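Structure first, then comments.
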Amino acid sequence: MNVLLTGQFGAAERGAWADALAQACPGVRWLDDDAARAAPATVRAAVVANPAPGRLQGLPALALIQSLWAGVDRLLADPTLPAGVPIARMVDPMMNAAMAETALWAVLALQRDFFVYARQQRARQWQPHPQRRADETRVTVLGLGEMGRTAAQAIARQGFAVAGWAARERPGRSVPEGVQAVLGDAALAARLPATDVLVNLLPLTPATRGLLSASLFARLPRGAGIVNLARGAHLVEPDLLAALDAGQVGHAVLDVFAHEPLPPDHPYWSHPRVTVLPHVAAATDPRSAAAVVGANLRALAEGGPIAHLVDRRRGY
Ligand code: NAP
């Protein structure tokens, strides 16, 4: 089977993917953009990492687009994406585990004032603060999908009072023990005043873009923590800066930004109550993710069910 591998990789990154995919997908002949253009009718599948717009056009036998990234917002934004070709996204338990580690670290650091102590150290200031208990720290995780569910479970196991927000009732949804499911907009609005730490793990869609805005921050208890691990465009930056400066938001941990890399003159870099990470909350690891791709390419070859299909209408 001929499969196109295309996207925005550095040379080393492309090499790591090529090696891992070759091992995990025996029988696949990998084509780069030039090879695919030379024999477009032979391409059955495309394995993609934010491909340049237009790259997937003109491939008449294309039967599967497999994203190497979990979020498909940039892929779906390509107006030339061939209609009707199924899109699968990356769901890798190792990546979910990495995301849960980042989310748990941020929640613990906010609960126990570790960001405050880091700031105090820089000022050579010895100043203990009252110690908060996990079970009296209320955490709301936005998104109860692959990442949100795993993160909510890890945080609940640590003893926090956790709710997870999702869009709708879903038959067979598995909600981790100790996590309260909050479904729909009205239920979120009711939960926000009882949220000490808000962790965002939503996909970026028209419905979720700009959700972390002044009106949401205003519903939180004063001094709440914000942890954005999903997409920069979920958050309205001037609203966050205003809420931080007013004390309405106590501290923000941000892994994702409207413009990445974060520009050197951005106020977040030097804001005392912002912690910046360079989009590392959960990287796709070729060592485990290649097996996920291999399973879907095998399913395609054998006519079996493709896993982790994207609902184009919903955008995730
Ligand atoms: P997923 O499995 O598709 O889960 C999405 C969850 O969000 C679902 O529970 C869904 O609710 C909920 N949701 C979507 N729209 C909603 C709305 N309008 N209102 C309420 N809930 C809504 O996605 P995932 O694998 O967990 O990934 C989540 C996101 O994490 C990705 O899209 C990506 O942007 C981000 N990510 C970031 C990094 C990083 O390193 N920072 C790495 C990987 C992924 P239902 O269950 O009711 O449908």
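Just so you know, these numbers use all the heavy atoms, side chains as well, and skip hydrogens, waters and symmetry mates. Order of listing sets the numbers, starting from 1, for every ligand and every atom in it. Since we're looking at a predicted model, the values are computed, not measured.
When the options R173, R89, M95, M99 are ranked by their closest heavy atom to atom 45 (P) of ligand 1, first place goes to R173. Checking N200, L277, L202 against atom 12 (C) of ligand 1, the nearest heavy atom belongs to L202.
Around the CD atom of E169, the shell of radius 6.0 Å holds no more than 12 heavy atoms that belong to other residues, nucleotides or ligands.
At the top of the distance list for atom 37 (C) of ligand 1, counting protein heavy atoms only, stands L229 O, 3.2 Å. Among all protein heavy atoms, the one lying closest to atom 40 (O) of ligand 1 is A282 N, 3.1 Å. Scanning the protein heavy atoms around atom 27 (O) of ligand 1, the nearest turns out to be M147 CG, 3.5 Å.
Residue G145 has at least one N or O atom closer than 3.5 Å to an N or O atom of ligand 1. Some N or O of R168 is nearer than 3.5 Å to an N or O of ligand 1, by distance alone. In terms of polar-atom proximity, G71 is not counted as a contact of ligand 1, lacking any N or O under 3.5 Å from an N or O of the ligand. The shortest N or O to N or O distance between G143 and ligand 1 is not below 3.5 Å.
A side-chain N or O of T6 and one of D33 form a donor-acceptor pair less than 3.5 Å apart. H308 and E146 form no side-chain donor-acceptor contact under 3.5 Å, judged by distance and modelled atom types alone.
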